Amino acid sequence: MTNLPETDRDMPSPVPLMQLTSAFWQFKTLAAGVETGLFTELADGQALTREDLAARLDLRERPADMFLAALTSLGLLTKDDGRYRNSPLAEEFLVEGRPRYFGGLVRYCDQREYPAWHRIVEALRTDKPLTWDPATQDSLFGADDQVMTRLFWEAMHSLSMSTARTLGEAYDFGAHRRLLDVGGGSGAFPIVLCQRYPQLSATVVELDHVCGVIEQKAREAGVGEAVHAAAGDFLSDASLPPGHDVILLSNVLHDWDESTGRKLLAKCYDALEDGGAIILCELMLDSEHTGPANAALMGMNMIVSTEGGQSYSADELTRWLTDTGFEDPRTISFEATGANGAVVARKNPGRVG
């Protein structure tokens, strides 16, 4: 039998590599749209020509043409009769001041994380974060850099709002009365959950300089009476506030190593009422640590941003919970911007405190 030569059709295509290589083009185009305020200029159905937008945003003609073409190709703008409008996606999430504004996360990633990722090999070889300096700062979450701190908490609020809505649909908080959100950032999760479940009230344990942000966000959302901030450091404080029948840790455990995570779960166990539930909401790896991509890449971002953080699997988080004393663990799977599921367990399920 004659061996036929291998043909091009038998060879893998480099197209996926080109898509990976140029992925930053898409991100930086989106980031430029946010930074220039283009989507806010087009708010409320405004339709403007290229010339109008170039004048308003102080852009030159040739780059404006390419910029608008790129944003339209990405589904962020539409074009009709020579005029550009926001797409429904941009109108909902990229107009500054809107309740579901996502631009905070875009700006934080662009200004803080993207430059650090240029040195990713350095982080891989040194196992040291690049977005902050452990030699001069206590943590990523400190108040040292006020501009970046403001961007960080706005970014986390952007990311958390939609994730909280998905969690509120996937898990029934109807039987709970008092929620403790540990390391809850700007309070996005309790704000959304208290809006959805009127019987629920919430306490957010956060660093002192973040408490004002939580209270302001809660007032603006109309749940200022239900959502309260408690200043504290869940790592160094001996205990967490008691009197809650559900505790939430959302995108907290991936910031720390296993030992730190287990210690925090022990504090949660002690603080939780008998019969209460603990919910760990995360981007979780599969049991073999081969994906999914969003969880695996979040782990890469933890190398850049933290000293010991990484992505974990549902199996690992379940083991931590049961080792701590929690019972009846189960995993809820869903897809959201900041998580792909939650691990839920209970403290003394047969007893109600």
Side-chain angles (χ1 to χ4, degrees), residues 27 30-47 71 74-78 85-112 147-171 173-174 179 181 183-204 206 209-229 248 250-251 279 281 283 334-340 342:
F27 168 66
L30 165 62
V34 171
E35 189 66 25
T36 59
L38 182 147
F39 305 110
T40 304
E41 286 286 345
L42 292 173
D44 301 318
Q46 280 208 75
L71 290 169
L74 293 174
L76 300 174
L77 299 179
T78 63
R85 292 180 173 84
N86 280 338
S87 69
L89 181 68
E91 186 71 16
E92 182 71 23
F93 295 107
L94 296 177
V95 174
E96 196 161 3
R98 295 283 169 83
R100 302 175 73 181
Y101 181 60
F102 200 77
L105 181 63
V106 176
R107 294 186 66 201
Y108 178 78
C109 289
D110 186 39
Q111 297 181 32
R112 184 62 167 250
V147 174
M148 292 314 301
T149 297
R150 176 179 57 80
L151 280 177
F152 177 81
W153 295 116
E154 285 300 320
M156 294 306 100
H157 198 76
S158 299
L159 183 65
S160 298
M161 289 292 283
S162 60
T163 307
R165 291 186 180 92
T166 304
L167 176 64
E169 294 169 359
Y171 178 84
F173 285 82
L179 166 70
D181 187 357
S186 61
F189 273 83
I191 287 171
V192 169
L193 295 173
C194 287
Q195 288 174 331
R196 182 181 177 90
Y197 295 93
Q199 89 291 347
L200 196 64
S201 64
T203 303
V204 186
E206 256 304 349
H209 67 274
V210 187
C211 288
V213 176
I214 297 167
E215 292 166 355
Q216 178 184 347
K217 295 286 189 185
R219 286 194 303 270
E220 291 173 351
V223 290
E225 296 298 317
V227 177
H228 305 280
L248 172 66
S250 177
N251 290 321
I279 302 170
C281 185
L283 275 172
F334 52 78
E335 289 298 328
T337 52
N340 59 9

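As a basis for the values below, the full set of heavy atoms in this structure was taken, side chains included, without hydrogen atoms, waters or symmetry mates. Not measured: the values here are computed from a predicted model. Count residues from 1 along the sequence.
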Handout entry: For Glu335 against Thr166, the heavy-atom pair lying closest together
Key = O-CG2, 3.9 Å

Handout entry: Test item: Val210 and Val204 side chains (from C-beta on) under 4.5 Å apart, heavy atoms
Key = no

Practice task
Of all the heavy-atom pairs spanning Ala170 and Phe334, show the shortest one and how long it is.
Solution key: CB-CD2, 3.7 Å

Problem - Thr78 versus Ser87, side-chain donor and acceptor atoms under 3.5 Å - result: no

Exercise for the section: Supply the atom-to-atom distance Leu167 CG to Ser162 OG, rounded to the nearest 0.5 angstrom. Expected result: 11.5 Å

Exercise for the section: Identify the two heavy atoms, one from Phe173 and one from Gln199, that lie closest to each other, and give their separation to 0.1 Å. Expected result: O-NE2, 2.9 Å

Problem - Student check: side-chain heavy atoms of Phe27 and Cys109 closer than 4.5 Å - result: yes

Completion exercise
Scanning both residues in full, the closest heavy-atom pair of Val95 with Ala43 reads CG1-CB, 3.7 Å

Practice task
Evaluate the side-chain proximity of Glu215 to Val227: yes if any heavy-atom separation is below 4.5 Å, no if none is.
Solution key: no

Problem - Close side-chain approach of Arg98 to Glu91, heavy-atom, < 4.5 Å - result: yes

Problem - Minimal non-hydrogen separation, Cys281 against Leu248, with atom names - result: CB-CD1, 4.3 Å

Practice task
Please round to the nearest 0.5 Å and tell me the distance separating atom CD of Glu225 and atom OG of Ser201.
Solution key: 11.5 Å

Exercise for the section: Measure the shortest side-chain to side-chain distance between Leu76 and Asn86 over non-hydrogen atoms and say whether it is less than 4.5 angstrom. Expected result: no

Handout entry: Interatomic spacing from CG in Leu42 to CZ in Arg85 - rounded to 0.5 Å
Key = 9.5 Å

Fill in the blank from the handout: CZ of Phe189 to CG of Leu179, rounded to nearest 0.5 Å, is 10.5 Å

Practice task
Give the minimum heavy-atom separation between Ala188 and Ala164, together with the two atoms involved.
Solution key: O-CB, 4.2 Å

Handout entry: Side-chain touch Tyr101/Val34, heavy atoms, less than 4.5 angstrom
Key = yes

Problem - Val192 vs Met161 side-chain heavy atoms within contact, under 4.5 Å - result: yes

Handout entry: Interatomic distance, Leu200 atom CG to Gln195 atom CD [nearest 0.5 angstrom]
Key = 11.5 Å

Exercise for the section: Report yes if the side chains of Lys217 and Val213 come closer than 4.5 Å at any heavy-atom pair, otherwise no. Expected result: yes

Exercise for the section: Please confirm whether the backbone N or O of Gly33 pairs with a side-chain atom of Thr36, one donor and one acceptor, at under 3.5 Å? Expected result: yes

Fill in the blank from the handout: Interatomic distance, CG@Leu30 vs CG@Asp110, rounded to 0.5 Å, equals 9.0 Å

Problem - Check: Gly168 main-chain N/O paired with Tyr197 side-chain donor or acceptor under 3.5 Å - result: yes

Handout entry: Verdict with reasoning, Asp181 to Leu193, per side-chain contact (heavy atoms from CB on, under 4.5 Å)
Key = CA-CA 11 Å; Asp181 187 357; Leu193 295 173; over 6 Å; no

Handout entry: Under 3.5 Å: donor-acceptor pair, side chain of Glu206, backbone of Cys211
Key = no

